[in-house]
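Have a look at the structure below, then the notes.
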Amino acid sequence: MNAWLPRSRGQWLALGLGVLALAACLLLGLMVSARQAMLSYLFAFVFFCGLSVGSLALLMVHVMTGGAWGYHLRPALLSAARVLPLMALLAIPVLVGMHVLYAWSHADVLAHDLLLRKQSWYLNPTFFVIRTVLYFTLWCLLLALFTRCLARPETLPRVAAPGLILFAISSLLAGTDWTVSLLPHWSSSTYGMMFATGWILAAMALATLIAMGRPDAADAHPPPLRHDYGNLLLVLVLGWSYLAFMQYLTIWVADMPTENVWYLPRTLTSWAWLGRFLIAFHFAVPFVILLSRRAKRSRTWMGAVAAMLLAANLGDALWLVVPNFRADGFMLRWSDLAAVLGVGALWYCVWLGQWRVMRVSVDASPSSSTWTHSHG
């Protein structure tokens with residue numbers, strides 16, 4: 001329980017900044033432009049929620065695949081996953097503000113839209129709330145079961161195997177509910193997989209950045225481990241890029257108005273510059289760097305690539321949520337910064353407490369020497 005209470009100056013500063021920034025976004029922002037304030041909050045919420053859910057998925061991936069990388073990154077990944085209860089609380093503004101965000105939540109819109117009426121069995125406020133509650137209940141339950149099984153590692157596959165299946169389904173549905181349904185007439189069979197892969201990539205980038213930023217990184221994460229981190233990042237970069245490209249190619253070839261509506265503001269306005277930024281820094285530059293064995297074994301290069309991917313993933317969250325509602329072109333509002341600072345500072349405050357507990361428990365564990373020296 002103590003891990004949830006701010007104890008250091010950094011945690012108290014993060015808590016204060018988070019509360020003030022969220023108050024500015026959700027109170028002042030709603031008075032200026034409710035739609036834009038809620039869009040800002042939604043993309044920040046999606047990004048930081050992805051760091052926690054993606055970390056949980058990576059923990060389960062390691063159980064099923066093995067390798068030294070998972071043991072060395074486990075403290076950072078567990079700390080990030082344990083922020084999930086906070087993200088469940090931060091989902092409340094999305095649920096309360098759904099009528100500002102989602103056209104399908106209005107009865108008068110349904111009355112004049114036959115297609116939305118046919119979808120109303122799924123896209124309705126009550127079911128939307130129930131699904132969101134179920135997502136976080138499922139993720140928190142998987143986290144609790146995973147944590148409990150750590151004392152008996154042989155039982156972890158019993159959680160991880162079905163857990164990864166449930167993660168795939170729940171993240172696909174969550175991405176559809178929170179972001180795709182902003183445009184209820186648009187759909188994509190690839191989007192959910194791309195959304196989930198982006199979450200895992202962001203979590204891996206965060207864990208790598210934390211590992212490379214430690215003062216003892218040269219000893220705790222030697223070159224062979226950094227090489228493993230680089231290979232994992234490369235696989236995830238390729239997976240996300242392939243899915244994003246195939247979605248674009250499929251829609252471009254079909255050239256149907258109901259599908260083009262998602263890409264039109266993203267390609268025919270100055271939002272295209274954000275798309276080019278993602279192509280460069282979410283794919284091309286990391287891909288080229290991670291092809292180099294020397295770069296993957298370098299603490300500096302790996303830290304830089306991880307930071308680049310993390311920043312690009314934040315840009316991707318903005319790309320997924322905002323452009324259709326700022327159709328005049330690329331534009332950042334003050335509420336965007338307030339939302340990222342607010343949600344991010346609260347996330348960091350809780351993560352820091354969990355990280356402190358995890359570091360103490362790892363250092364005190366009889367198996368800590370195995371975590372530090374094993375590789376295979």
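It should be emphasised that the depicted structure is a prediction, and the values quoted were computed from it without experimental measurement. We use all heavy atoms of the structure for the numbers below, so side chains are in, but hydrogens, waters and symmetry mates are not.
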With a cut-off of 3.5 Å and sequence neighbours excluded, list every side-chain donor-acceptor pair involving residues 238-249.
unit_1	atom_1	unit_2	atom_2	d
Ser241	OG	Val237	O	2.7
Gln247	OE1	Ser188	OG	2.8
Gln247	NE2	Tyr263	OH	2.9

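- Cation-pi geometry between Arg266 and Trp319 is satisfied (NZ or CZ under 6.0 Å from the ring centre, within 45° of the ring normal).
- Applying the 4.5 Å side-chain rule to ILVMFWY residues, one finds that Met331 remains a lone member of its cluster.
- For the residue pair Trp271 and Leu318, the shortest heavy atom distance occurs at CZ3-CD2, 4.1 Å.
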Considering only distance and modelled atom types, tabulate donor-acceptor pairs under 3.5 Å from the side chains of residues 54-62, sequence neighbours left out.
unit_1	atom_1	unit_2	atom_2	d
Ser55	OG	Leu51	O	2.6
His62	NE2	Gly67	O	2.6

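- Legend: side-chain hydrogen bond (donor to acceptor under 3.5 Å, both in side chains) pairs involving residues 155-179, not counting sequence neighbours, sorted by first then second residue: Tyr122-Asp177, Arg131-Asp177, Thr132-Trp178, Tyr135-Asp177, Trp139-Ser170, Thr179-Tyr191.
- Classified by interplanar angle (parallel below 30°, tilted 30° to 60°, perpendicular above 60°), the ring pair Tyr41/Phe45 is parallel.
- Counting only N and O atoms by type, the side chains of His112 and Asp108 include no donor and acceptor under 3.5 Å apart.
- Scanning all heavy atoms of the two residues, the minimum distance from Leu77 to Ala203 falls at CD2-O, 4.1 Å.
- Without hydrogens or angle criteria, Asn324 side chain to Val261 main chain gives a donor-acceptor distance under 3.5 Å.
- Residues passing the ring-ring contact (aromatic ring centres under 6.0 Å, His included) test with Tyr229, sequence neighbours excluded: His221.
- Judged as a side-chain hydrogen bond (donor to acceptor under 3.5 Å, both in side chains), the pairs with a partner in residues 253-262 (not counting sequence neighbours) are, in order, Asp255-Asn260.
- Nearest heavy atoms, Leu209 versus Ala306: N-CB, 3.7 Å.
- Contact detail for Ser335 and Ser40: the closest heavy-atom pair is OG-OG, 2.8 Å.
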